[in-house]
Amino acid sequence: MPPGQQTFTKEGLIGKLAEIEAMGFIPNARHGNHGGVGNTLEDLLGIEENNLPIPNAAEWELKTHRKGSASLVTLFHSEPSPRAVRFVPRVLLPLYGWPHQQAGAKYPATERSFRQTISGAGPSDRGFKVVVDRDARKVLISFDPLSVDSRHHLWLAQVKERAGLAELDPQPYWGFDDLAHDAGSKLHNSFFVEAEVKRETGRELYHYSRATMLSAFSLDRLLAGIESGVVYVDFDARSGHNHGTKFRVRSDALPMLYEQNKRLF
DNA sequence: GGTACCTGGAC
DNA sequence: GGTCCAGGTAC
């Protein structure tokens, strides 16, 4: 915990969130940053922004979401194993990527992209899916060239040239124990805060009007969510910036990943 | 300066 | 609802 970092007990955080709710609409404190709704709440709580895989506030993690938004909630980041392969920058982006939409405009003409939001429910239109292998105790990424939609036939021909049309070998994976550590160390207990958003003369304002307390994150529930299709693995790289590989969940399913949840307001 | 995290989007 | 995408920082 860095010096000066605000810390809260559970009761203290509940009280502070109630005070913030009573403040009504509050201007975005981070202009131009898509994370404004979360950053603004962190500022109100006096929590310093941090990128370490530790909870934001003592043992309590904060999750913020815009009401009415279909955006997925990011649970945690973790690059797949074996790490030495460096799958995203060395395999997925160069061999399975495609020209970025803004290549030659916002970015260099050679800019490539590999963005995939995939689950265990079925393959994406580029043939990627997530598999929960309970025998091997691994979550792994699978590529099936037969599942690629015809609209990507040019891309598939390039994949054939660069990598061949077969299953990934080796397949990227996360061991159950690694996932339990990544998730458990960060998400064991969480507050899920939802904000109404309004725009006013070009700026955004947030009303943090709903909060749920989530206790005891469950790896079994995460794995079941992957299989049912409410939890996703999200690859998120372009040539100039790998935003990292994320585990994400549909916001309405977030509470189901915890053993207990309690609506605060 | 590259990698791996953080916070989140629009169409 | 799936596809594709964003600005930041720690080390």
Side-chain angles (χ1 to χ4, degrees), chain A residues 1-2 5 28-43 45 47-57 61-81 83-90 92-93 96-103 105-107 111-119 121-130 147-149 151-152 155 174 178 181-183 185-187 190 192-195 197 199 204 206 229-230 232-254:
Chain A
M1 196 68 68
Q5 171 81 316
N28 181 6
R30 306 289 181 90
H31 298 281
N33 187 332
H34 288 178
V37 63
N39 296 138
T40 300
L41 181 59
E42 288 179 347
D43 289 350
L45 292 169
I47 297 169
E48 294 175 5
E49 186 166 345
N50 71 77
N51 289 312
L52 302 177
I54 59 172
N56 277 333
E61 167 78 1
L62 234 53
K63 287 295 172 195
T64 317
H65 190 253
R66 294 161 181 256
K67 276 189 176 174
S69 166
S71 287
L72 304 173
V73 174
T74 301
L75 295 169
F76 55 90
H77 286 67
S78 181
E79 294 302 312
S81 298
R83 291 283 177 102
V85 172
R86 290 169 50 210
F87 271 107
V88 173
R90 301 226 304 226
L92 297 176
L93 189 61
Y96 295 86
W98 52 88
H100 192 283
Q101 288 176 350
Q102 298 279 356
K106 183 176 180 178
Y107 301 117
E111 191 77 0
R112 292 172 67 77
S113 184
F114 184 82
R115 289 359 220 268
Q116 287 282 280
T117 306
I118 56 177
S119 78
S124 69
D125 69 351
R126 294 185 194 263
F128 289 91
K129 68 176 177 182
V130 188
S147 298
V148 177
D149 188 273
R151 80 185 184 98
H152 292 308
W155 169 80
W174 295 263
D178 295 330
H181 180 267
D182 289 343
S185 65
K186 179 168 182 285
L187 296 168
S190 304
F192 183 43
V193 181
E194 294 173 273
V197 181
R199 296 196 66 86
E204 273 190 342
Y206 309 120
V230 298
Y232 300 84
V233 172
D234 194 1
F235 292 99
D236 190 14
R238 60 176 175 85
S239 303
H241 191 166
N242 178 14
H243 286 85
T245 306
K246 303 169 259 201
F247 283 75
R248 308 178 78 190
V249 63
R250 276 191 356 216
S251 63
D252 59 350
L254 176 62

Can you check whether [X] has a side-chain N or O nearer than 4.0 Å to OP1 or OP2 of [N]?
X         : N      : answer
Arg115(A) : dT3(C) : no
Gln116(A) : dT3(C) : no
Trp155(A) : dT3(C) : no
Arg126(A) : dC4(C) : yes
Tyr107(A) : dC5(C) : no

Sugar-phosphate only, base, or nothing, as touched by [X] at under 4.0 Å among non-hydrogen atoms:
X         : value
Thr245(A) : nothing
Arg250(A) : nothing
His243(A) : base
Arg248(A) : base
Asp125(A) : sugar-phosphate
Phe114(A) : nothing
Asp234(A) : base
Phe128(A) : nothing

Nearest-nucleotide comparison on DNA chain C, the residue closer to the 5′ end among Pro123(A) and His100(A):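 That would be Pro123(A).
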
Residue met sooner reading DNA chain C from 5', once Pro99(A) and Gly229(A) are mapped to nucleotides: Gly229(A)

Can you tell me how far [atom2] of [N] sits from [atom1] of [X], to the nearest Å?
X         : N       : atom1 : atom2 : value
Asp149(A) : dG1(C)  : CG    : C1'   : 15 Å
Glu111(A) : dC4(C)  : CD    : C1'   : 14 Å
Glu61(A)  : dC6(B)  : CD    : C1'   : 9 Å
Gln102(A) : dC5(C)  : CD    : C1'   : 10 Å
Lys106(A) : dA10(B) : NZ    : P     : 14 Å
Leu41(A)  : dT7(B)  : CG    : P     : 12 Å
Arg151(A) : dT3(C)  : CZ    : C1'   : 7 Å
Asp236(A) : dT3(C)  : CG    : P     : 15 Å

Determine whether a donor-acceptor pair (N or O, by modelled atom type, separation under 3.5 Å) exists between the side chain of [X] and the backbone of [Y].
X         : Y         : answer
Gln116(A) : Phe235(A) : no
Glu111(A) : Gly240(A) : yes
Ser124(A) : Arg126(A) : yes
His241(A) : His243(A) : no

Polar pair under 3.5 Å, donor/acceptor by atom type, side chain Lys246(A), base dG8(B): yes

Pair of N/O donor and acceptor under 3.5 Å linking dC5(C) base with Ser113(A) side chain: no

Residue from Arg112(A), His100(A), Gln101(A) passing side-chain contact (heavy atoms from CB on, under 4.5 Å) with Tyr107(A):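 Among Arg112(A), His100(A), Gln101(A), the one that satisfies the side-chain contact (heavy atoms from CB on, under 4.5 Å) with Tyr107(A) is His100(A).
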
Qualifying residue for side-chain hydrogen bond (donor to acceptor under 3.5 Å, both in side chains) with Lys246(A), from Thr117(A), Thr74(A), Asp236(A):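 Of Thr117(A), Thr74(A), Asp236(A), side-chain hydrogen bond (donor to acceptor under 3.5 Å, both in side chains) with Lys246(A) is met by Asp236(A) alone.
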
Stretch residues 71-80 of chain A: residues that reach within less than 4.0 Å of DNA chain B through a heavy atom: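 Residues of residues 71-80 of chain A under 4.0 Å from DNA chain B: Ser71(A), Thr74(A), Phe76(A), His77(A), Ser78(A), Glu79(A).
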
Interatomic spacing from NE2 in His65(A) to CG in Asp252(A) - rounded to 0.5 Å: 9.0 Å

Interatomic distance, Asp182(A) atom CG to Asp178(A) atom CG [nearest 0.5 angstrom]: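 Going from the CG atom of Asp182(A) to the CG atom of Asp178(A) covers 6.5 Å.
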
Toward the 5' end of DNA chain B, by each residue's nearest nucleotide, Asn242(A) or Val197(A): Asn242(A)

Nearest to side-chain heavy atoms of Tyr232(A), which nucleotide of dG8(B), dG2(C), dT3(C):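 Within the option list, the nearest is dG2(C).
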
Nearest to side-chain heavy atoms of Thr64(A), which nucleotide of dT3(C), dA6(C), dG8(B): dG8(B)

C1'-based separation of dC5(C) from dG1(C) [nearest Å]: 16 Å

Aromatic ring pairing Trp98(A)/Trp155(A), orientation class (parallel under 30°, perpendicular over 60°, tilted between): perpendicular

